[in-house]
Amino acid sequence: MNNSHRDVDVEERRIEKKSDSSMVASTFIKYAAYIIITFGILYFLVRYLFPMFQ
């Protein structure tokens, strides 16, 4: 019985690993989008708003 229980554990770990890798990919895409938007806003501020005050 121990061997069959171990097999089930291994299967569950494989399923978790697949979902974890997709979660990591989606999280990376989300934060990459945040970084791109942040740099876009900073570029806009430096390029257009700061020269107005000089």
Given the rule that I, L, V, M, F, W and Y join up when any side-chain heavy atoms are under 4.5 Å apart, are Met52 and Ile41 in one cluster?
-> yes

ring-ring contact (aromatic ring centres under 6.0 Å, His included) filter on Phe44, not counting sequence neighbours, yields Tyr48

Tell me, please, which residues at least two apart from Tyr34 pass side chain to side chain contact (heavy atoms under 4.5 Å, CB included).
-> Lys30, Tyr31

